[in-house]
Amino acid sequence: MMRMRARLLVVQVLVVTLLVVLAVRLWQVQVVRGNEFVTRATETRTRAVIVPAVRGQILDSHGRPLVRNKTALVVSVDRTRLTRMKDGGLKVLGKLSAVLGRPVADLQQRITPCGPGVSKPCWTGSPYQPVPLDEKVDTREALQILERQEEFPGVTAEIHSVRQYPGGRDGAQMLGYLQPVTEAELEKREGLKASFSGVDLAGRDGLEYVYDEALRGKSGLRRVQVDRMGKALGVEEQITPIPGDHLVTSIDSRVQAVVERALEKAMKSAPGADGGAAVVLDARSGRVVALASAPGYDPAVWAGGISTRGYQWLLSDKSGKPLVSRAINGQFAPGSTFKISSVSAMLRSGYPLNGTYGCPGSYMVGDRAFSNFRGVSLGDLSLHTALVKSCDTIFYKAAYEQYLKDGGRNPKKATKEIFANTARAFGFGRPTGVDLPGESSGRIPDRAWKKDLWNRTNAVTCERSRKGYPEVKDRARADFLKRLALENCTEGFLLRPGDSANFSIGQGDVLVTPMQLARAYMALVSDGKLRSPRIGWAQVRPDGKVVRTIPVPVVGKLPISEKERLYIKNALSDVPSDGTAAGAFAGFPMDKVRIGGKTGTAEVWGKQDTSWFASFAPTKNPQYVVVVMVSQGGMGAQTAAPAAREIYEGIYGIKRPPAVPGGKLTTRLPRFSPDGTVAGG
C-alpha cells in the first residue's frame, strides 16, 4: 500500500512539473517572444517577388529606335530547385526537351554555371537567378508548361522584354549587348542586389554598358499571400517597377546605314582588306553622327545564350574578330593624314607660313635617303601646295633638323621634341574620351617611349642577336632580322634619325585610332577646340520628360593660331579637286558640296598598305567630318577616298534620296508625346 502511494506521488509530481514547464514555455512563446513569432508566421504566409523593370530604348537623333524591346515568351528554369531533386531534375528536363524540341544535353549545358573547363553555352549569371532556356517560345509550347505545372516544377513560361535591333548589324560594336547579371556584380554594385529581379541583364559593351544604370530602371515588388501549400491567395502589397530611361543619341540611323554600306563596299573592293572603320562627326557640336567597324556581326546572337562555337568564331582570326571596334580600338599608322600635325609642328618651330620649300625626290636623313612617293621631285612649293600634292621630303627635312636641334643621338637634358608634343596637342597618344568602353590610346613614339620599349624588350632582342631566326626559311629575311635585333640590342633606347623622319609623315611607330584622327580634323576645321566626342545626347523618361542632356566637353586647344589653322584648312580644301584625291572625286559636284580632306597611305611590313581618307564638308562652314580607314586597302585614293565620296553622296542625296534632307543635321532633340512615343514619328 505504501509502495502504491509513493508511486502515485511521483506521478503527481511529474505531472505538476510538466504542467509548470508547459506553462512557462507558453508564457515565453506568447508573451516574451510573441511579436517575433507573429512576424515569422506572417513571413511564411507571404512571398516577395521582385518585378523587373522594362529596359529603356536606345534611339537615334530623330527618335528612331536603334535598340528597342519586344515582348517574348521566355522559358526559364530554377536551377537550384532542379538540383535538389533526387535525379538532379533529369526527369523534368526530359519533359521540357520534348516540349521545346531541344536535346536534354543542350538544356543541361545551358543551366551549368560557367567556369574552368566548362564550354559555352553555360550560365554566366547568379546561381539564384532563373536560367532562360528559350526566348522564342510560341504560345502552344508555353501552355503545355503552364497547364501541367505539376509536371514542370521549377520551370516558368513568362512574358519578358527582349532586345531587338531594327538596323540588324549596323553599329553592333557601338550599341553593345546584354548578358545575365553575375554574382560578382551583385556583390560589387551597390543597390543592385536589393533590386535584383532574378532575370536582370547587364550591359556588356558599347552604349548598353556605359549607360546601363539609366537604361535599367528600378525593379518593382509584389508581395503575394499564399496558403501553407504555396497557393497564391492574393496580393498584399505591390510597388510598380519604374521603366528605364530612353537614351537619345546623336546617331542618325539613315547616315549610319549609308556609312555601313560604303564601308562594306570598300572592303570588297580591296581583296586583301582585313578590317575597316568609318567615323562621321558633327563638326559644329562634336557629336558622333555615325560609327562603323568592319567586319561586323549580328548582336542578336547574344539572345538566349551564345554557343561555344559561336563565341569562338567572334574571337577568331577567320571571322576578323568582329567584336573589336576598329573605330576606337584599332590602332594604325595614319600616313599622310598625320601631316596636319607635322605642318603645325613646323610652324611652331619657326618655319614661315608663307615660305617656299624645296621638294626633291629624296632627302638624306643621317646616312639614309628618304624618298617621295615614287621618288618624284616637285620643285619649290608653298606649305599649301605641299599638303595638296602630299610632298614628303619637306617634312623629312624639317623633322630631321628639329631632331638635330634636340641633340640627335646625344639628346640635350631639356629636349623640345616639337613634332611629338604637337601631335599630343592634337589629341594623339591618348583616348578621346568618347562615351564607349575600352578605347585605345594610340602611340606617340618619342624618346621616352623608345627608352621604355628597350627596357622591356632588350633581353629578347639581345638573345635574338646571338641566336638569330633559324625558324625563318627566307635566309635574306632571317639575316635582316638578326641585324635589326643587334641594332635594337645595342642602341634600341635611342631615337634614331629615321624615326623622326618616319614620324613626320605618319609612318613607323606612330599609331592612331580613326576616332582620334576624326577628332583632330574636327578641331582643325571648326574652331580650333579639341572636344571629347559624345554619342549619348539625352536621357529621357518613358513619358518624354528630359532627365538630362549630355554635354560635349572641350578638353584642349590646338597649338596654332587662327590664321595658321585657316591656312591648313584652306590647303586641305583643294585636295579632292586638285590634289591626291582628285581621281577619287572626279565628276563629283563640287559646286553643290565642296569636299576637303587628306589621303593617307601607310606602309605596313608584310602587308598591304593601310588606306586612309580624312575629310570635311562643306569646306566653307563644315558640318561633317568623315574619316575612313581600310586595313590592307592599298593607297588612300584607291579605297578610303571612294568610300568617303559614297558617304557624302548618301548624305547629300547625289544620284539618290538624301539621308539628311538639306544636308543639315538636327540641333533639337526629338519631341515625345505624353505616352512616350515620338511626336510625328
Side-chain angles (χ1 to χ4, degrees), residues 333-335 338-339 341-352 355 357-372 386 391-426 428-430 441-466 468 479-512 559-560 602-603 605:
F338 194 68
K339 288 176 180 175
S341 171
S342 295
V343 74
S344 299
M346 288 179 64
L347 297 174
R348 292 182 72 193
S349 301
Y351 294 88
Y357 301 87
C359 181
S362 66
Y363 180 78
M364 291 298 296
V365 177
D367 57 359
R368 178 185 165 192
F370 280 73
S371 301
N372 264 338
C391 172
D392 291 337
T393 49
I394 288 175
F395 296 99
Y396 292 147
K397 182 176 185 293
Y400 182 48
E401 287 173 348
Q402 295 309 305
Y403 169 81
L404 294 176
K405 283 186 178 181
D406 278 336
R409 289 177 175 270
N410 301 299
K412 300 175 181 178
K413 288 185 178 180
T415 56
K416 293 184 177 181
E417 297 196 83
I418 291 179
F419 275 74
N421 289 327
T422 300
R424 289 194 183 89
F426 269 77
F428 300 117
R430 68 176 187 271
S441 61
R443 184 169 69 201
I444 299 300
D446 59 6
R447 294 178 187 273
W449 176 81
K450 288 286 288 188
K451 188 173 292 185
D452 179 65
L453 178 66
W454 184 81
N455 287 332
R456 289 185 284 110
T457 61
N458 72 309
V460 175
T461 55
C462 289
E463 183 179 1
R464 281 293 192 177
S465 69
R466 295 189 299 270
D479 290 341
F480 168 77
L481 291 174
K482 186 176 180 179
R483 290 194 304 271
L484 183 62
L486 178 60
E487 184 179 348
N488 287 329
C489 172
T490 55
E491 58 177 22
F493 55 89
L494 294 175
L495 189 72
R496 290 166 287 205
D499 295 328
S500 64
N502 280 325
F503 182 87
S504 70
I505 63 163
Q507 293 279 183
D509 293 315
V510 60
L511 298 176
V512 306
I560 50 177
E603 297 178 359
W605 179 264

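Just so it is clear, the values below take in all heavy atoms, side chains as well, and ignore hydrogens, waters and symmetry mates.
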Taking NZ, NE, NH1 and NH2 as the nitrogens, is one of them in Arg483 or Asp479 under 4.0 Å from a carboxylate oxygen of the other? no
[atom2] on [Y] to [atom1] on [X], rounded to 0.5 Å:
X      : Y      : atom1 : atom2 : value
Arg466 : Thr461 : CZ    : OG1   : 9.5 Å
Phe395 : Tyr357 : CZ    : OH    : 9.5 Å
Thr457 : Leu453 : OG1   : CG    : 4.0 Å
Tyr400 : Leu404 : OH    : CG    : 4.5 Å
Ser341 : Arg348 : OG    : CZ    : 9.0 Å
Asn488 : Lys450 : CG    : NZ    : 6.5 Å

Which pairs count as salt bridge (charged side-chain N to carboxylate O under 4.0 Å, His left out) when at least one residue sits in residues 405-415, sequence neighbours excluded? Arg409-Glu491
Would you please test Ile444 and Phe503 for side chain to side chain contact (heavy atoms under 4.5 Å, CB included) and show each step? CA-CA 9 Å; Ile444 299 300; Phe503 182 87; 4.0 Å; yes
Would you name the heavy atoms of [X] and [Y] that are closest together and state the gap between them?
X      : Y      : answer
Lys482 : Ser465 : CE-O, 3.2 Å
Gln402 : Tyr351 : NE2-OH, 3.4 Å
Asp392 : Ser371 : OD2-O, 4.2 Å
Ser504 : Phe419 : CB-CE2, 4.1 Å
Asn372 : Cys359 : ND2-SG, 3.2 Å
Ala423 : Phe338 : CB-CZ, 3.7 Å

Got Asn455 and Phe493 here, is their nearest side-chain heavy-atom distance under 4.5 Å? no
Quick one: does [X]'s side chain have a donor or acceptor within less than 3.5 Å of a partner on [Y]'s backbone?
X      : Y      : value
Tyr403 : Leu495 : yes
Glu417 : Arg447 : yes
Ser342 : Lys339 : no
Lys416 : Asn421 : no
Thr422 : Ser344 : no

Considering residues, nucleotides and ligands other than Glu603, do more than 12 of their heavy atoms fall under 6.0 Å from its CD? no
Any residue meeting side-chain contact (heavy atoms from CB on, under 4.5 Å) with Arg443, in chain and number order, not counting sequence neighbours: Trp449, Asp509, Leu511
By side-chain contact (heavy atoms from CB on, under 4.5 Å), Ala501 pairs with (sequence neighbours left out) Val365, Phe370, Tyr396
